[in-house]
Amino acid sequence: MRIVMMGTGTFAEPTFEAILEAFGTDVVGLVTQPERDGGNKRGSTRQTGKGMSHIARGSQRVAIIQPESINTSEGVAQLREMLPDLLVVAAYGQILSREVLTIPTLGTINVHASLLPKYRGAAPVAYAILNGEKQTGVTIIKVTPGLDSGDIILQESRAIHADDTTGSLEARLAGLGARLAVAAVSQYKAGPVAGTKQDPALVTKAPKITKNFGLIDWSQPAVSIERFVRAMQPWPTAYTFLHRPGKEPMRVIVNRAHVSEFEGMVRGDITTGLLCSGDLVGTLGVASPSGDLLIIDELQPAGKKKMTAEEFIRGYPLTAGMRFGPETLS
RNA sequence: CGCGGCGUGGAGCAGCCCGGUUAGCUCGCCAGGCUCAUAACCUGGAGGUCGUAGGUUCAAAUCCUACCGCCGCAA
């Protein structure tokens with residue numbers, strides 16, 4: 001059986017490695033994103049095809065293609081040359097056209113990081129954290145022209161930890177995805193594979209997240225903002241602007257925060273996003289409309305290193321009227 | 001040539017635009033004091049080539065140039 005892997009980035013890498021390990025010479029090709037340089041510096045979280053193609057080069061038999069789009073006539077032609085029987089997709093980042101899906105003789109399967117039919121789309125892990133889910137998982141589906149809507153082959157769930165970020169959770173799910181992908185491919189080697197239909201009533205969406213999505217909405221309850229901070233980590237990161245009387249707004253990334261254990265400790269009129277010194281020396285609290293405090297643990301002002309709230313306060317002493325908010329206050 | 005910010009005692013910042021006394025603030029550190037006691041308070045102290053190299057000037061942390069380093073944004 002000729003297997004072609006299609007995927008990008010840290011989520012796809014464990015699956016690719018596992019498939020190579022388990023099926024060795026059956027793996028004949030890799031389709032991944034082009035290695036855009038774009039002036040990428042160290043620490044960039046942008047996903048390119050680099051990691052994947054590096055893995056592929058470790059195994060001489062694997063042909064690599066990196067089309068800008070797999071759906072163009074060129075992309076289709078390149079894939080066709082690989083003569084794939086089974087296409088294994090994980091976080092490829094492009095929707096496959098009907099034509100592409102007709103190429104592999106046995107079909108195409110996708111490793112998706114959610115318990116489908118929940119969280120169809122590009123950012124299932126972030127949305128699961130954002131919504132405060134207690135668990136999520138990985139689903140292997142047959143790929144059909146609709147987005148993440150094919151029949152379910154395998155599915156396994158995992159708990160979401162209270163301190164999970166999109167990064168940490170995705171890493172765990174990537175490992176699970178790799179095991180399930182190997183199991184699914186084994187089924188294909190054994191014969192025809194059956195799937196279960198997704199229940200249309202349970203479908204939810206997890207659309208692609210963009211940079212601007214990271215702007216913190218301080219009118220949300222503290223618990224929601226705390227989840228938001230974790231969901232935006234490591235990309236695009238949750239950010240806000242520090243407003244000080246007489247100074248320009250300063251962009252600040254919030255890396256880590258927790259909800260104060262003292263519920264409803266803020267009384268009276270609440271100005272959204274108002275900063276206050278917390279219940280302990282060296283803590284930074286932000287008032288939320290629910291009356292709770294969101295305690296900021298680690299943040300990063302624009303152009304500076306990450307720092308603890310305590311360090312931040314030494315350099316930017318809290319003064320009356322200091323608050324967080326969008327770039328321009330209404 | 002993608003855009004931008006920053007390098008100031010151990011930490012985080014101010015001062016720079018509009019050059020000019022002992023380079024300031026919030027902490028930390030050391031010594032002493034106060035206190036039943038403290039992450040509290042008081043007094044004193046050590047610790048700085050203001051990233052590096054040039055330039056302008058009577059005078060540069062501050063203006064100019066180059067270089068090095070750190071970071072953010074650009075998916």
Whole-Å [atom1] distance, [N] and [M]:
{"N": "B:A75", "M": "B:C68", "atom1": "P", "result": "27 Å"}
{"N": "B:C29", "M": "B:G9", "atom1": "C1'", "result": "11 Å"}
{"N": "B:U62", "M": "B:G2", "atom1": "C1'", "result": "31 Å"}
{"N": "B:G69", "M": "B:G28", "atom1": "P", "result": "34 Å"}
{"N": "B:G12", "M": "B:G51", "atom1": "P", "result": "14 Å"}
{"N": "B:C17", "M": "B:A61", "atom1": "C1'", "result": "14 Å"}
{"N": "B:G4", "M": "B:A53", "atom1": "P", "result": "27 Å"}
{"N": "B:A39", "M": "B:C6", "atom1": "P", "result": "38 Å"}

Item to check | A:A162 backbone acceptor or donor facing A:R230 side chain under 3.5 Å | outcome: yes
Using both distances under 3.5 Å as the test, list the Watson-Crick or G-U wobble partner of [N], or none.
{"N": "B:U49", "value": "none"}
{"N": "B:G19", "value": "none"}
{"N": "B:G12", "value": "B:C25"}
{"N": "B:G4", "value": "B:C71"}
{"N": "B:C63", "value": "B:G55"}
{"N": "B:A31", "value": "B:U43"}

Rounded to whole angstrom units, what separation is found between the [atom1] atom of [X] and the [atom2] atom of [N]?
{"X": "A:L284", "N": "B:G12", "atom1": "CG", "atom2": "C1'", "answer": "14 Å"}
{"X": "A:E68", "N": "B:A75", "atom1": "CD", "atom2": "C1'", "answer": "13 Å"}
{"X": "A:Q300", "N": "B:C6", "atom1": "CD", "atom2": "P", "answer": "15 Å"}
{"X": "A:M250", "N": "B:C6", "atom1": "CE", "atom2": "C1'", "answer": "12 Å"}
{"X": "A:F312", "N": "B:C25", "atom1": "CZ", "atom2": "C1'", "answer": "15 Å"}
{"X": "A:K306", "N": "B:G12", "atom1": "NZ", "atom2": "P", "answer": "15 Å"}
{"X": "A:E310", "N": "B:C27", "atom1": "CD", "atom2": "P", "answer": "11 Å"}
{"X": "A:L299", "N": "B:G12", "atom1": "CG", "atom2": "C1'", "answer": "11 Å"}

Checklist entry - Mind checking whether A:F241 and A:H243 have parallel, tilted or perpendicular rings, split at 30° and 60°? => result tilted
Next on the checklist: If you assign each of A:I209 and A:A302 to its closest nucleotide in RNA chain B, which residue comes earlier from the 5' end?
Outcome noted: A:A302
Checklist entry - Closer to the 5' end of RNA chain B via nearest nucleotide, is it A:N212 or A:M307? => result A:M307
From the options [options], select the nucleotide whose nearest atom is closest to the side chain of [X].
{"X": "A:T237", "options": "B:C73, B:C6, B:G72", "value": "B:C73"}
{"X": "A:E311", "options": "B:C13, B:A75, B:A11", "value": "B:A11"}
{"X": "A:R314", "options": "B:G72, B:U26, B:C6", "value": "B:U26"}

Checklist entry - Are A:L30 and A:F11 connected in the hydrophobic side-chain network, where two residues link if heavy atoms are under 4.5 Å apart? => result yes
Item to check | A:K305 vs B:G12: side-chain N/O to OP1/OP2 distance below 4.0 Å | outcome: yes
Item to check | Non-neighbouring partners of A:R2 that pass salt bridge (Lys or Arg N to Asp or Glu O under 4.0 Å), sequence neighbours left out | outcome: none
Checklist outcome for this item: side chain to side chain contact (heavy atoms under 4.5 Å, CB included) test vs A:M6 passes for just one of A:V89, A:N110, A:V143, A:I65, namely A:V89
Next on the checklist: Between A:I209 and A:Y127, is there a side-chain heavy-atom distance shorter than 4.5 Å?
Outcome noted: yes
Checklist entry - Is it true that A:E156 and A:R179 have a side-chain N and a carboxylate O under 4.0 angstrom from each other? => result no
